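Okay, so here's the structure we're looking at.
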Protein chains: 2
Amino acid sequence: MLTTEEIVERMSAQGLRITDQRKTLAKLFADTPGYLSPKAVYEYMEKTYSGLSFDTVYRNLRVMEELGVLEQVVFEEGVKFKLHCRENHHHHHLICLNCGKTYPITFCPMEKTEVPENFNVVKHKFEVFGYCEACG
Amino acid sequence: MLTTEEIVERMSAQGLRITDQRKTLAKLFADTPGYLSPKAVYEYMEKTYSGLSFDTVYRNLRVMEELGVLEQVVFEEGVKFKLHCRENHHHHHLICLNCGKTYPITFCPMEKTEVPENFNVVKHKFEVFGYCEACG
DNA sequence: CTTGATGCAAAGAGTTTGCACATAG
DNA sequence: CTATGTGCAAACTCTTTGCATCAAG
């Protein structure tokens with residue numbers, strides 16, 4: 001996982017300006033072991049930056065996504081963001097329905113899935129949802 | 001899979017009125033072997049019913065979903081609907097990225113997934129995307 | 001200084017809701 | 001007949017965009 005400093009460096013290296021807001025965003029994601037909705041991010045940031053606007057949050061989330069720092073996933077409840085996994089290996093996730101925290105699953109179901117010859121596989125999605133120890 | 005008549009009967013049995021639009025919707029989904037977006041449904045229906053409104057399409061999709069005739073899935077590109085799978089067995093899908101057609105996968109990755117004891121699994125999602133024979 | 005970041009307002013997509021009129025049963 | 005379905009308009013949520021101002025480098 002990336003640290004706050006590594007995220008900031010990475011943004012800086014791409015020629016992005018390091019504003020207080022971006023530093024705070026970097027810290028938020030470095031400290032959060034799971035998914036955050038744009039709304040959750042906004043509510044967290046709002047505490048520090050009164051007068052914050054939603055569009056800036058979105059813009060920064062997009063910037064960090066394009067930079068490869070964040071990854072976006074679509075859930076039933078909407079879009080969420082988390083630090084991009086830097087695992088050396090392809091993997092999947094256990095996701096806590098309460099706190100959003102994720103745990104890696106090393107097993108990839110594609111190994112065991114029989115696909116008809118005439119079907120050309122491009123990608124797959126495997127996610128397990130439930131409650132982590134802390135959330136019951 | 002349900003036939004047009006079975007869908008109509010099912011709606012009728014629930015006290016829903018069988019309008020021409022609902023008959024056409026039933027036929028559309030009975031004949032479609034994959035996912036349809038609300039927009040695609042609207043565009044199909046519009047051909048027959050000029051002056052059709054989007055809200056009626058949405059209302060009928062919701063009604064059919066609540067009835068258990070349709071199932072809704074959230075993709076990156078948005079929400080889509082298909083006939084609810086009536087397979088006797090839990091299963092997953094191969095989904096064609098071009099035509100939306102689906103093929104069942106009998107293998108369920110949960111059988112092979114090791115979950116930490118302290119994680120209480122509630123549900124899972126496994127979907128394989130690619131191109132079917134017809135779509136290359 | 002100069003370019004990129006921010007806030008504000010407004011615009012868009014997608015979806016839902018209230019109401020009056022039309023129509024299935 | 002009577003209650004449900006439909007179209008219309010408007011509201012709502014989530015997200016993006018244009019523009020003037022502000023501040024990082």
Side-chain angles (χ1 to χ4, degrees), chain A residues 4-5 7-28 35-67 69-81, chain B residues 4-5 7-28 35-67 69-81:
Chain A
T4 309
E5 293 71 33
I7 299 172
V8 168
E9 259 172 49
R10 195 114 155 233
M11 292 201 274
S12 184
Q14 294 295 315
L16 295 175
R17 291 187 180 169
I18 306 309
T19 61
D20 283 354
Q21 252 186 75
R22 285 181 175 165
K23 269 186 240 166
T24 308
L25 264 180
K27 181 161 168 28
L28 172 60
Y35 290 94
L36 292 169
S37 66
K39 187 157 168 270
V41 173
Y42 177 78
E43 280 164 4
Y44 174 86
M45 299 288 290
E46 203 186 17
K47 291 177 199 159
T48 314
Y49 306 92
S50 62
L52 176 68
S53 54
F54 236 112
D55 46 73
T56 304
V57 170
Y58 274 111
R59 267 189 284 240
N60 282 327
L61 289 173
R62 290 275 160 258
V63 163
M64 291 171 80
E65 194 205 354
E66 278 154 30
L67 224 163
V69 170
L70 297 185
E71 66 186 60
Q72 176 185 344
V73 179
V74 180
F75 295 105
E76 321 269 320
E77 334 83 61
V79 165
K80 298 196 176 180
F81 294 84
Chain B
T4 309
E5 293 71 35
I7 298 172
V8 168
E9 258 172 50
R10 197 117 153 229
M11 291 201 274
S12 184
Q14 294 294 317
L16 295 175
R17 292 188 178 168
I18 307 309
T19 62
D20 283 354
Q21 253 187 74
R22 285 182 176 166
K23 269 185 238 166
T24 308
L25 265 180
K27 181 161 168 28
L28 172 59
Y35 290 95
L36 291 169
S37 66
K39 186 157 168 271
V41 173
Y42 177 78
E43 280 163 4
Y44 173 86
M45 299 287 290
E46 203 185 18
K47 291 177 198 160
T48 314
Y49 307 92
S50 63
L52 176 69
S53 54
F54 235 113
D55 46 72
T56 305
V57 169
Y58 274 111
R59 267 189 284 238
N60 281 327
L61 289 173
R62 290 274 161 261
V63 163
M64 290 170 79
E65 193 206 354
E66 278 155 28
L67 225 163
V69 170
L70 298 185
E71 65 184 62
Q72 175 184 345
V73 179
V74 179
F75 294 106
E76 322 268 322
E77 336 82 63
V79 165
K80 297 197 176 181
F81 295 83

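Quantities reported herein were computed from a predicted structural model and do not represent experimental measurements.
- Comparing dT6(C), dG14(C), dG7(D) by their nearest atom to the side chain of Tyr58(B) picks out dG14(C).
- Residue Gly15(A) is out of contact with every strand shown, counting any heavy-atom pair closer than 4.0 Å.
- Although no hydrogens or angles enter the test, the distance criterion places a donor-acceptor pair under 3.5 Å between the side chain of Tyr42(A) and the main chain of Leu52(A).
- When side chains are defined from C-beta on, Met64(A) counts as touching Ile7(A), because their heavy atoms get closer than 4.5 Å.
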Run the salt bridge (Lys or Arg N to Asp or Glu O under 4.0 Å) check on Glu66(A) and Arg62(A) step by step: do they pass? CA-CA 6 Å; Glu66(A) 278 154 30; Arg62(A) 290 275 160 258; over 6 Å; no
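- Between the CG atom of Leu52(A) and the P atom of dC22(D) there is a distance of 18 Å, rounded to whole Å.
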Sequence-aligned protein contact record of nucleotides 20-25 of chain C, with B where the base is within under 4.0 Å of a protein heavy atom and S where only the sugar-phosphate is: ---BBS
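- Across all their heavy atoms, Glu76(A) and Val74(B) have their closest contact at CA-CG2, 3.9 Å.
- Atoms CE (Met45(A)) and C1' (dT6(C)) sit 12 Å apart, rounded to a whole Å.
- Smallest separation of non-hydrogen atoms from Ala26(B) and Met11(B): CB-CE, 4.4 Å.
- Across all strands, Arg59(B) comes closer than 4.0 Å to base atoms (heavy-atom distances).
- Side-chain N/O atoms of Thr56(A) include none lying less than 4.0 angstrom from OP1 or OP2 on dA5(C).
- Counting to the nearest Å, the P atom of dG25(D) and the CD atom of Gln14(A) are 15 Å from each other.
- At least one donor-acceptor pair under 3.5 Å links the side chain of Tyr49(A) to the backbone N or O of Asp20(A).
- Here the C1' atom of nucleotide dA23(D) and the CD atom of Gln21(A) are 13 Å apart, to the nearest Å.
- Counting to the nearest Å, the P atom of dC14(D) and the CZ atom of Phe81(A) are 14 Å from each other.
- With dT6(C), dT15(C), dC8(C) as the candidates, the nucleotide lying closest to the side chain of Asp55(A) is dC8(C).
- Listed by chain and number, the residues in a side chain to side chain contact (heavy atoms under 4.5 Å, CB included) with Thr19(B) are Gln21(B), Arg22(B) (sequence neighbours excluded).
- Distance Met64(B) CE to dG5(D) C1': 15 Å, rounded to the nearest Å.
- In this structure, Gly51(B) reaches the sugar-phosphate backbone alone: every heavy-atom distance under 4.0 Å involves primed, P, OP1 or OP2 atoms, never a base.
- Atom P of nucleotide dT16(D) and atom CG of Asn60(A) are separated by 13 Å, given to the nearest angstrom.
- For Phe54(B) and dC12(D), the CZ to C1' distance is 17 Å, given to the nearest whole Å.
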